[in-house]
Amino acid sequence: MNLFGNLSWDALPWNSPLPLIAGAVVIALCVAVAAWVVLAGHLPYLWREWITSVDHKRIGVMYIALGLVMMLRGFADAILMRSQQAVAFRAEGYLPPEHFDQIFSSHGTIMIFFGAMPLTLGLMNFVIPLQLGMRDVAFPTWNSTGFWLTATGALLVNISLVVGVFSRAGWLPYPPLSELQFSPDVGVDYYLWALLISGVGTLVTGINFVTTILKMRAPGMGYLRMPMFCWTALASSLLIVAAFPILTATLLMLTLDRYLGFHFFTTAGGGNMMMFINLIWAWGHPEVYILVLPAFGVFSEVISTFSGKPLFGYRSMVAATLGICIISFLVWLHHFFTMGAGGTVNAAFGIATSVIAVVTGVKVFNWLFTMYGGRIRFETPMLWSLGFIVTFVIGGMTGVLLAVPPADFLLHNSLFLVAHFHNTIIGGVVFGVFAGIAYWFPKAFGFRLQEGWGVAAFWLTLAAFYAVFVPLYMLGLLGMPRRMQHYDMEMWRPWVLAAMIGVVLFGAAMICQVIQLVVSIRRRDLLRDETGDPWNGRSLEWATSSPPPQFNFAVTPNVAGEEPYWEIERRVIASRQNESGYEAIPMPRNTATGFVTGFFATITGFAMVWHIWWLAILGLVAAYAVFVWYAWRDVSEEEIPAEEVARIDQIHRKRRADRLARHSDAGESA
Amino acid sequence: MTTTIEAPALERHAAPYRLGRADGLATGHGEAGPASKRVVVAFGFWIFLLSDIVMFSAFFAAHAVLQTATDGGPTGRDLFNPTRVAIETACLLASSFTCGLSALATDARNHVWTQAALLVTGLLGLAFLSLEAQEFAAMIASGAGPERSAFLSSFFALVGLHGAHVSVGLLWLGTMMAQLFVKGFEPVIYRLICFNLYWHVLDIIWVAIFTVVYLIGEGR
Amino acid sequence: MQPSHFARRRFTPSSRSVATLLPNASMLLLAGCSGGVLDPKGQIGAEESKILVNAFGTMLIIVAPTILGALVCAWWFRASNRKARYLPDWVFSGRLELVNWGYPLLIIIFLSGLIWVGSHRLDPFRPIASANEPLEVQVVSLDWKWLFIYPEQSVATVNALVLPVEVPVHFSLTSATVMNSFFVPQLGGMIATMPGMVTQLHLKADHIGDLWGLSTQFSGDGFAGMGFSVRVKSKEDFASWVDEARKSACDLDRAGYAALQPESRNVRAFAFRSVAPSLFSEIVRGELSLQKASESAGPVVPCPEAMR
Ligand code: HEA
Ligand code: HEA
Ligand code: CUA
Ligand SMILES: [Cu+2]
């Protein structure tokens, strides 16, 4: 038995320059950033204010930062895939299958689990307590732990870039391909441990939000006064609680197969691979709604705010959201109509699937009627929302097309399917996240994002999206399957090349986003938001300052009363004009528990991948030690004295009043 | 409360959100504000337990699918020892009972009885675990380990998952007893509530395992 | 056809803007698909693509107005438009709710009918009614090539499927390796092949000519090279092709199969002149798994020139 398990120098990609260079560059970058942080003396600040923070706002921002960085990584993969296909007409291209297969697998894995998930969870983290008038979430330490476990998963996937290989079995590793017999290297193991660990993090976060939303709302915040975003976040969290354990169980079974010779899904020993496919989609289908529901929430907030109107048909929206939630568990079979389940079964699942179009349609129409009779301001969040409506409706339609079994017999696993889900994910989730970021950015940092570059990024992204994925739809209709490392069908070529152009546009859009961020930071004094309410929004988060103080609200807002949630913010601000009853606020203390747990989880995961048993055990023991250490601490909260609360609140009030006074002066003179 | 700064809409009688009801009182539920810490902790833990039950269901489903996939190897009838399983079950049920007793003692803030009840709970759990370990060891020794067939894979995974939960519970229990000993009730009170929930749920899951795996498996 | 010009003409409109995209996209959908699934050459493919187009058209009835409505609505109610009414209190309308739920529901009810009837009629298990006796073909996916066995003719091919025109074909499919999917886009009816299991598929080719097929379920590093040719011949030509195949030098006995099993990529098509009778069911039962097969193989010769 080797001290380092299966790990040896050969694990490094010595003979394949591309990952070696990429890895070297990434490592160099990380080291450089770390060195800068340490040398410039930022480490204590980072440690105190971010790494050990249990403040939901900070954790939200960290989630979003993680998600954006991982999206960038996923985008790099997308560039590789599209350019490989562009040159691989009757040729091998520059990526041999061994690499290409890793790339689409890691693209899908990273984008879904470490791009889109952190982005939506980040928004939920930041927004929910503010919208519902809370000081923090129900379990702040678990919240931080959930984040660091997600980061652990992301780290493991990226380590595989340099040490060893990543999975070559797709983003959902269907057995028997993913079994030891057909995938003997560590790729699938990296996948499994990354997802098992981050899955726990996600589950914890889901539990946290269900509890938070159901049990922690401010006085008067009845269910039917919650902003739409909170409803969709609640639905999404419920789906997490119900679906992620299935993912964990399924991956555990595969892990047992691979590590201990079990026979859940093997071809020998009576294993049943179709069971994996059923189980994974029993999680996988709800997962896509876990991603898109919070985005729907963002659009509801944005469209209503920028139309200067409350959301139309609020109750319908709530019903539709919960409807999607329930139906999403009844449709998983539409991912394998072609496995020969028989006409009646296929038809039943096809019909169940298309019913989702009805409930989603209700949402779309309600957004339309929200705009109807509004005064629409086309700032970036609103642009993303409009782009979303148009794009998502198309993606939804192609989804329903795939739900028709006879049509799916022609389109399953084709690039048409790939185009469908990018259509819903990019047009829905990614646009939603971008809208949400632009919308809540001033709340988080106290200044708005610069408009011009944002608008440019929007139009470029929109154009890029169609330029990439309309050709992919066409290719699907021309019979081109997904995951092709090379091809030799003449008629596909023009479309493959066209999609390449789109990727270039995507690149330009990304650059605009980055420039927007830089420009906004540099001009932050001009873009400052002093009122706390830059968009004339009406839900509670706009009633506090931008950025909000650590405790969010100086006095827990009481929103009991007659006015609808659309006016809650007004009411709370009005009721606080002559406030004097400040009280000391107990806030959860920072803790390194989350970070340390994540650290040891990384070690354990890495050790398991390489079969370094002693290290894995060490990691587990250490994790237990952390748990005991955490359980043993005496003081979990610290008080912010009343005077401090008063001081902070007065500053905000004064700034707001000054600003409003200036505003009305200007208004009169004009 | 009448000082409105910029909310003309408040004055309108036709409030945009009458939420369908004629009286115009948009009250809804949850009027009272955030729940107490006790409620929040217990509720959150319940949700966790529900998710855990979902995970078990996936393993139950797998077992149901693979129950007959013995690949020519031994079946449940060949392998299971009803007496041992009965004793295991008795241990676990009894431990659930003593766990309940500990909750009563906790309510009365009685240190000695709480610790005693927890101790018995732990010992019974330990007995359960060692019986299970014996069963596993005997099966593996006779060539009926999880590698033998898909049926046995699903058996070891499902029963083993429950066993792992019991082990974690024991670790937790030990830690908590130490904490209780050192620091008294105050810091562990919520954890004791959660532990009770946890232990009872494990019991319920065991009853399901007993029925689905052993009774039905025996019948095959 | 010159691909690059073709490309330039086709993709420019789509990258311009949303408004111009829709009509173009749907026009392209119909025009640009010769050789694809919308250009069927067989009965099943034709019915399936008809359902596809019908479903698409049905949904356009609601989707197109929705998109248009969104754009018009957003434009008209822009803040700078003084003529637009401002209705800040308009947040509920019972009648509109009815439309909200009812309109999509109607479309979906109609679609559900389509799904129900279509799923049953085009169930891959369902034999095709025809005056002609169906032809039996057994399909095995291997790493990374296709084996087609004609049990009645007792010949077999690798990566070449030869079918008589207008004769219904009954495929029995399995996999000797991981899961794959058998698909001939212009004949329709994609179906999975799985180790240890047999799926069934019925197809009928209605036109003489050369088509192509491939695997659509990713199966590992050689997946992209799993294309195969599909040649639809007249009944006479099919018969003479069978005679031709019988002249091949290769036998698909245990040894021949063992030689097929190791991984190989981009395999050129070739034929076997004979097939061991129960081979397919032995493959399904896993009795010829890799190790077992090579044990019984002896010296591996059968068709070296064919396996590159
Ligand atoms: C969240 C999910 C997600 C997202 C966003 C994307 C985004 C993209 N994807 Fe991906 N994709 C998947 C999920 C996703 N994909 C999955 C699950 C698969 C299946 C994998 C499998 O087969 O197993 C897949 C497969 C897949 C393929 C299929 C390959 C094949 O099977 O043949 C292709 C091919 O072109 C592709 C392309 C792209 C492109 C061009 C984008 C572009 O849209 C990317 C553009 C980038 C962004 C939209 C985000 C960038 C944002 C930033 C960088 C932030 C900016 C920075 C600051 C503000 C600081 N994807
Ligand atoms: C956020 C992600 C997301 C979302 C929201 C959706 C939404 C939907 N998806 Fe999609 N889907 C994926 C992500 C997503 N999907 C992914 C990742 C995969 C493949 C993974 C893989 O294989 O790797 C996939 C695969 C997939 C398949 C499997 C196809 C196959 O493998 O062959 C099917 C089939 O039914 C399907 C259907 C649908 C449907 C019906 C919806 C519906 O929810 C859409 C509803 C919305 C609308 C319809 C638009 C608005 C409605 C109206 C304007 C009303 C009127 C409209 C009508 C009456 C039609 N999806
Ligand atoms: Cu058999 Cu899928
Ligand atoms: Cu789905």
Side-chain angles (χ1 to χ4, degrees), chain A residues 97-98 101 170 174 176-177 182 267 309-310 312-313 316 338-340 343 346-347 350-351 354 357-358 361-362 364-365 368 371-377 386 389-390 393 397 400-401 404-407 409-410 412-413 463 466-467 470 474 477-479 481 483-486 491 493-494 497-498, chain C residues 3 6-7 11 14-15 18 21 25 32-33 35-38 48 51-52 55-56 59 63 66-67 69-70 73-74 77-79 85-88 90-91 97 100-101 104-105 108 111-112 115-116 118-120 122-124 178-179 185 188-192 195-196 199 216-218 220-221 224:
Chain A
E98 292 73 12
D101 301 349
Y174 278 18
L177 180 60
F182 298 98
T267 42
K309 268 184 71 189
F312 187 90
S316 267
T338 60
M339 259 184 12
N346 277 357
I351 291 171
S354 50
V358 178
V362 170
V364 172
F365 296 134
L368 258 173
M371 292 196 291
Y372 188 93
R375 285 228 173 111
I376 304 176
R377 290 167 285 151
L386 268 178
I389 293 186
V390 171
V393 165
M397 176 173 72
V400 180
L401 209 56
V404 179
F409 294 162
L410 299 175
H412 177 61
N413 272 348
Y466 286 102
V470 169
M474 298 313 297
L477 290 173
L478 290 174
R483 300 169 172 171
M484 292 289 266
Q485 182 262 344
H486 67 89
M491 64 182 171
R493 200 165 177 218
L497 293 174
Chain C
F6 181 71
F11 71 73
S14 61
S15 58
V18 201
L21 176 97
C33 286
V37 299
L38 295 185
E48 285 172 352
I51 289 184
L52 196 162
F56 183 70
M59 289 191 287
V63 165
T66 308
I67 293 176
C73 189
F77 289 102
R78 66 192 184 275
R85 280 188 306 162
Y86 183 38
L87 309 164
W90 190 66
V91 295
E97 280 307 340
N100 278 356
W101 291 85
L105 192 65
I108 290 304
L111 216 56
S112 298
I115 291 176
W116 185 264
S119 298
H120 283 94
L122 292 163
D123 185 354
V178 303
M179 182 173 172
M190 184 190 306
I191 189 97
T199 43
T216 58
Q217 175 64 49
F218 179 72
D221 292 339

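Residue numbers begin at 1 in each chain, while the letters A, B, ... track the order of the sequences. When reading the values below, keep in mind they use all heavy atoms of this one structure, side chains included, and skip hydrogens, waters and symmetry mates.
Proximity to chain C is limited to the side chain of Phe182(A), based on heavy atoms less than 4.5 angstrom apart. Contact of Leu177(A) with chain C is made through backbone and side chain together, with heavy-atom distances under 4.5 Å. Only the side chain of Ile389(A) comes within contact range of chain C, with heavy atoms under 4.5 Å apart. Interface residue Thr267(A): only side-chain heavy atoms are found under 4.5 Å from chain C. With a 4.5 angstrom heavy-atom cutoff, Val364(A) touches chain C only via side-chain atoms.
Not counting sequence neighbours, Phe365(A) has no partner by the ring-ring contact (aromatic ring centres under 6.0 Å, His included) test. In this view, Asn100(C) and Asn366(A) satisfy the side chain to side chain donor-acceptor pair (under 3.5 Å) rule, not counting sequence neighbours.
Contact count against chain C (heavy-atom pairs under 4.5 Å) is highest for Gly373(A) among Gly373(A), Ala407(A), Gly343(A), Gly374(A). Most heavy-atom pairs under 4.5 Å with chain C, from the set His412(A), Met397(A), Arg377(A), Gln485(A): that is Met397(A).
Between Trp101(C) and Ser316(A) the shortest side-chain heavy-atom distance falls below 4.5 Å.
Across all their heavy atoms, Tyr86(C) and Arg375(A) have their closest contact at CD1-CG, 3.4 Å. Summarising the geometry of Phe409(A) relative to Leu122(C), their closest heavy-atom pair is CE1-O, 3.5 Å, with the distance given to 0.1 Å.
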